[in-house]
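On a predicted model such as this, the values are computed, not experimentally measured, just so you know. Letters A, B, ... mirror the listed sequences (proteins, then strands); counts begin at 1.
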There are 2 protein chains.
Amino acid sequence: MNGFQGQLEGLLLAILQQGPLHGYAIASELRARSGGAFEVPEGTLYPVLHKLEKEGLVRSRWEKVSGRRRRVYAASPQSQNVLRERFESWQRLSRAIDSVFGPAPEGAGD
Amino acid sequence: MNGFQGQLEGLLLAILQQGPLHGYAIASELRARSGGAFEVPEGTLYPVLHKLEKEGLVRSRWEKVSGRRRRVYAASPQSQNVLRERFESWQRLSRAIDSVFGPAPEGAGD
DNA sequence: CGCCGATGCATAGGCTATCGAGGTATGAAT
DNA sequence: ATTCATACCTCGATAGCCTATGCATCGGCG
């Protein structure tokens with residue numbers, strides 16, 4: 001089994017593909033794109049971002065905006081491959097769950 | 001956030017809607033329906049079944065098949081409602097993740 | 001100036017779903 | 001009798017995620 005959880009990393013990578021953002025903005029984007037479904041708390045967000053950075057999938061730099069310092073995260077080049085894998089993995093998972101829920105009626109597809 | 005995990009309960013309920021099955025058979029059905037994607041180990045399966053029973057969503061009885069005793073699980077009536085909720089919840093989750101992954105480029109659909 | 005709310009980043013500790021390893025028992029085959 | 005396959009079960013560990021909390025800076029206010 002397994003594969004249900006751990007999707008958050010992929011979602012963050014997906015968001016950062018459009019361009020660098022800082023933590024708060026990432027959370028906002030995630031909320032917006034998911035239609036309000038995903039409300040990621042900071043205690044979840046930052047550890048995941050740091051993990052992604054340690055894995056070389058994002059890079060961060062400090063930026064100063066009107067005195068306040070922000071950490072801006074950007075997707076690394078190799079994150080594109082990882083993102084694609086994650087997405088495909090998600091699609092497989094999603095289809096598998098669909099076919100368990102719905103008994104996959106007539107075999108037209110495929 | 002949250003909602004990724006805990007899908008397994010819904011999947012088991014879905015499988016038991018077609019009729020009573022014992023543990024091993026449930027695992028086989030799950031594997032078959034998911035196209036081999038879900039290989040639930042016994043250390044995961046049985047605790048979940050027991051939890052579902054404690055919640056009144058399945059009922060079990062011991063059966064004797066050629067000397068070997070099996071525990072056969074059956075979906076309770078109220079499990080239908082729960083299953084529907086779980087499925088809808090899954091669909092929302094699934095759509096939300098899709099729309100984060102794919103920025104929903106052309107606005108043809110929906 | 002000193003306080004407060006909002007922004008923004010961060011960590012520690014805990015909860016829960018899932019998993020791996022191990023244990024029990026029966027029947028059939030060797 | 002030993003081994004294999006079926007079938008059930010439980011305990012302890014792991015991993016993702018969350019709650020609570022803390023720190024620092026800015027802007028407004030008295």
Side-chain angles (χ1 to χ4, degrees), chain A residues 1-13 20-31 34 37-55 57-74 86 89-90 93 96-97 100, chain B residues 1-13 20-31 34 37-55 57-74 86 89-90 93 96-97 100:
Chain A
M1 288 293 300
N2 195 351
F4 296 125
Q5 68 233 59
Q7 298 294 341
L8 184 53
E9 292 186 16
L11 299 182
L12 298 187
L13 288 182
L21 287 174
H22 68 283
Y24 249 59
I26 293 175
S28 300
E29 257 298 288
L30 185 56
R31 186 183 324 120
S34 66
F38 298 150
E39 194 89 37
V40 55
E42 302 174 65
T44 299
L45 179 63
Y46 291 114
V48 173
L49 286 173
H50 297 162
K51 189 188 170 205
L52 289 175
E53 180 160 28
K54 209 164 52 177
E55 292 170 350
L57 300 177
V58 309
R59 271 183 307 170
S60 75
R61 65 173 197 279
W62 287 99
E63 224 175 56
K64 198 147 188 179
V65 177
S66 68
R68 254 187 242 96
R69 68 192 209 133
R70 303 170 158 173
R71 194 157 174 173
V72 175
Y73 294 87
R86 293 247 186 206
S89 157
W90 156 249
L93 176 69
I97 294 188
V100 174
Chain B
M1 288 297 299
N2 198 349
F4 296 125
Q5 66 233 63
Q7 298 294 341
L8 184 53
E9 292 185 17
L11 299 183
L12 298 188
L13 289 182
L21 287 175
H22 68 283
Y24 248 60
I26 293 174
S28 300
E29 256 299 286
L30 184 57
R31 186 184 322 122
S34 67
F38 298 151
E39 195 89 38
V40 56
E42 303 175 61
T44 299
L45 178 63
Y46 291 113
V48 173
L49 286 173
H50 297 163
K51 189 187 170 206
L52 289 175
E53 180 160 28
K54 208 164 54 180
E55 292 169 352
L57 300 177
V58 308
R59 272 184 306 169
S60 74
R61 65 172 197 280
W62 287 99
E63 224 176 57
K64 198 148 188 177
V65 177
S66 66
R68 253 186 244 97
R69 70 195 208 131
R70 304 168 158 175
R71 195 156 171 172
V72 175
Y73 295 87
R86 295 247 185 206
S89 158
W90 156 249
L93 176 69
I97 294 189
V100 173

Qualifying residues under side-chain contact (heavy atoms from CB on, under 4.5 Å), relative to B/E63, sequence neighbours excluded: B/R61, B/V65, B/V72

Proximal nucleotide (of C/dA10, D/dG16, D/dC9) relative to the A/K51 side chain: D/dG16

A/V40 vs A/L11 side-chain heavy atoms within contact, under 4.5 Å: no

Side-chain N,O (A/Y46) to OP1/OP2 (C/dC9) below 4.0 Å: yes

Among the nucleotides D/dC9, D/dA7, C/dG8, which one has an atom lying closest to any side-chain atom of B/Y73? D/dC9

Go through the structure and list residues passing side chain to side chain donor-acceptor pair (under 3.5 Å) with B/R86, not counting sequence neighbours. B/E9

Atom-pair distance (CD on A/E53; P on C/dT11), nearest Å: 11 Å

Partners of B/R68 by side-chain contact (heavy atoms from CB on, under 4.5 Å), sequence neighbours excluded? B/S66

Tell me which nucleotide among D/dC8, C/dA10, D/dT10 gets nearest to the side chain of A/H50. C/dA10

side-chain contact (heavy atoms from CB on, under 4.5 Å) involving B/S34 - partner list, sequence neighbours excluded: A/A96, A/V100, B/A37, B/F38

Length of the line joining A/L49:CG and C/dT11:C1', which is rounded to integer Å: 14 Å

Protein-to-nucleotide contact annotation, 5' to 3' order, nucleotides 20-30 of chain C [B base; S sugar-phosphate only; - none; under 4.0 Å, heavy atom]: BB----BS---

Check: residues 20-29 of chain B side-chain donor-acceptor pairs under 3.5 Å, at least two apart:
{"residue": "B/S28", "atom": "OG", "partner": "B/Y24", "partner atom": "O", "Å": "3.1"}
{"residue": "B/E29", "atom": "OE1", "partner": "B/R33", "partner atom": "NE", "Å": "3.2"}

Is A/H22 near enough to C/dT7 that one of its side-chain N or O atoms lies under 4.0 angstrom from OP1 or OP2? no

